[in-house]
Amino acid sequence: MNVLVLNVGSSSLKFQLVRTDDDRLLNNTDERLAKGMVERVGGEAIYTYQPSVGGPQRGSIPLPDHRSTLGHLLTWLTSDDSGAVLGSIGEIDAVGHRVVHGGELFKKSVLITPDVQRGIENNIDLAPLHNPANLRGIAAAREVLGAGVPQVAVFDTAFHQTLPPQAYLYAIPYQLYRRHSVRRYGFHGTSHRYVAARWRKLTERSREETNIITLHLGNGCSACAIAAGDSVDTSMGFTPLEGLVMGTRSGDLDPALLEHVAVKEGLSQREMSTLLNKHSGLLGISGLTNDMRELLQEADENDDRRARLAIEVFCYRARKYIGSYLAAMGGAQAIVFTGGIGENSARIRTGICDGLQWMGMTLDETRNHYCTDGREGIISAEGSRLDAWVIPTDEELLIARDCYRVVTGTPTPF
Ligand code: ADP
């Protein structure tokens, strides 16, 4: 089955075309036929298309909306420019959409029907920027490919719907949960679920034997406690702002500082939100950049004090989350690192695990340094009581596989 995986933002569209079926699923041999992205949809759009062989193809063209963007992409997929990845658009069997917020309504991936579309609409309050864009992507795909091509929604929040109330409730008046659905939802669910499933496969454990902590460390960062295969706690909350230190987001803080800073700096609610989401985290502490690679370079080459501080706060916060999840879960078998930082930086992994020796965690630095640039594997030493792993995430692949399972009625293992 050829699945077009779409991640539609308000002015962007990312895609992958994946070929998957039962055999490929079983043997991990799904094929990536093409991928790419279009930015600045709505104006002079910039596209980067990557066929499976050859370098990326870049260009710009006016694309007023998502429908015309999808049309442009499909023309490319069937043209000589892409090496005719597809003979015709009729070879697209299904479309899988990354949808940000499923609220409490969607606990797994679903076939998109008018009811499902209404459900996504009803969650717009919870994700005012993302869900409308996702809906535009769904409408565009229906218009361009026709109603006969099944579309599947894969939600960022769905994996965390197994959180128990003690993990998802905030200690604020309960009516706010009842009236306005204020609770922890968690995000990055597709990524946490993918690496958990991959860890199971690599270690040949059953779902019930899967007790791990996954750390997705990219521009956005989140931790997830997975017990008996289910997400039982996660660090992002009502929005993706809570939890770990991120590229530009603060993560956890004392809510009382909001009013204090707003008054002192003369900032509106909106400006405070921008400060915490866009100007904080690694960027806020260092005053230099949100990019971990650049921070590490600054710390090394110029011994920049604030770059070092940003890195230390980042690692310390992640370590605290590991400790609290170990307590919450009553222990775990492994910590799994993923995301751009988690997959590539042996230094940050060491920084996070440093101090966990007391509870039996020892990294093997040779293994740790080997697992970068997409190499997966165990990075803890022989005999370490708590294992550490690096597993590159692949959200698009999981979306394609979910799409295949939903369309064919194959049960989903997670
Ligand atoms: P996104 O969350 O946008 O998908 P990524 O998962 O690609 O982002 O992660 C981006 C982060 O990963 C950036 O902070 C980047 O500097 C960091 N990163 C990528 N490679 C390395 C590396 N070799 N060492 C340290 N950080 C890295």
Side-chain angles (χ1 to χ4, degrees), residues 5-16 35-37 39 48 50 56 98 100 129-130 156 186-195 198 214-224 234-236 239-251 277-301 304 306-315 317-318 336-353 363 365 368-376 379 390-399:
V5 176
L6 292 180
N7 181 354
V8 178
S10 53
S11 63
S12 67
L13 182 149
K14 290 188 196 149
F15 81 94
Q16 280 199 15
K35 64 178 184 178
M37 68 186 298
E39 290 166 294
T48 310
Q50 170 79 59
R98 174 188 179 217
V100 168
L129 294 178
H130 291 105
D156 251 22
F187 299 85
H188 284 152
T190 315
S191 176
H192 291 295
R193 194 178 127 216
Y194 174 82
V195 293
R198 184 83 191 126
T214 48
L215 292 178
H216 178 111
L217 309 176
N219 271 317
C221 299
S222 67
C224 182
T234 191
S235 58
M236 284 179 167
T239 74
L241 183 56
E242 196 182 345
L244 303 179
V245 175
M246 313 185 207
T248 60
R249 294 190 200 119
S250 62
N277 278 291
K278 301 254 157 75
H279 303 148
S280 296
L282 295 174
L283 173 65
I285 299 177
S286 70
L288 290 172
T289 173
N290 63 316
D291 188 291
M292 183 59 93
R293 214 173 349 190
E294 290 174 16
L295 275 183
L296 288 164
Q297 227 168 9
E298 272 303 316
D300 283 349
E301 289 169 13
D304 187 278
R306 279 172 52 189
R308 274 194 283 108
L309 265 179
I311 295 166
E312 277 163 25
V313 177
F314 181 91
C315 294
R317 178 86 52 87
V336 184
F337 290 95
T338 195
I341 300 171
E343 291 166 24
N344 291 300
S345 181
R347 278 222 353 239
I348 297 297
R349 296 190 298 246
T350 304
I352 292 173
C353 295
L363 287 190
E365 282 305 333
N368 188 23
H369 280 88
Y370 175 76
C371 286
T372 54
D373 298 327
R375 284 189 289 265
E376 70 183 1
I379 58 168
V390 173
I391 300 183
T393 194
D394 199 336
E395 292 162 273
E396 290 78 11
L397 182 59
L398 188 55
I399 293 173

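Every value quoted in this text rests on a predicted model; they were computed, and no experiment measured them. Positions are given from 1, in the same order as the sequence printed here. Order of appearance sets the numbers: ligands from 1, and atoms from 1 within every ligand.
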Need the list: ligand 1 N/O atoms against protein N/O atoms, distance under 3.5 Å, rounded to one decimal.
residue: ligand 1; atom: 2 (O); partner: Asn219; partner atom: N; Å: 2.9
residue: ligand 1; atom: 3 (O); partner: Asn219; partner atom: ND2; Å: 3.0
residue: ligand 1; atom: 6 (O); partner: Gly340; partner atom: N; Å: 2.8
residue: ligand 1; atom: 8 (O); partner: Asn219; partner atom: N; Å: 3.4
residue: ligand 1; atom: 12 (O); partner: Ile341; partner atom: N; Å: 3.3
residue: ligand 1; atom: 14 (O); partner: Met292; partner atom: N; Å: 3.0
residue: ligand 1; atom: 16 (O); partner: Asp291; partner atom: OD1; Å: 2.6
residue: ligand 1; atom: 16 (O); partner: Asp291; partner atom: OD2; Å: 3.4
residue: ligand 1; atom: 16 (O); partner: Met292; partner atom: N; Å: 3.2
residue: ligand 1; atom: 16 (O); partner: Arg293; partner atom: N; Å: 3.0

**OP:** Go through the side-chain N and O atoms of Ser222 and His192 and say whether any donor and acceptor fall under 3.5 Å apart.
**Re:** yes
**OP:** Please answer whether the main-chain N or O of Asp373 pairs with a side-chain N or O of Asn344 as donor and acceptor at a distance below 3.5 Å.
**Re:** yes
Original post:
With Ser250, which residues qualify under side chain to side chain contact (heavy atoms under 4.5 Å, CB included), at least two apart?
Top reply: Leu241, Leu253, Leu276, Ser280
**OP:** Output all residues satisfying side chain to side chain contact (heavy atoms under 4.5 Å, CB included) with Thr350, sequence neighbours left out; order by chain, then residue number.
**Re:** Leu363, Glu365, Asn368
Original post:
Using 4.0 Å as the upper bound for N to carboxylate O, is an ion pair formed by Glu376 and Arg198?
Top reply: yes
**OP:** Applying salt bridge (charged side-chain N to carboxylate O under 4.0 Å, His left out), name anything that partners Arg317, two or more places apart in sequence or on another chain.
**Re:** none
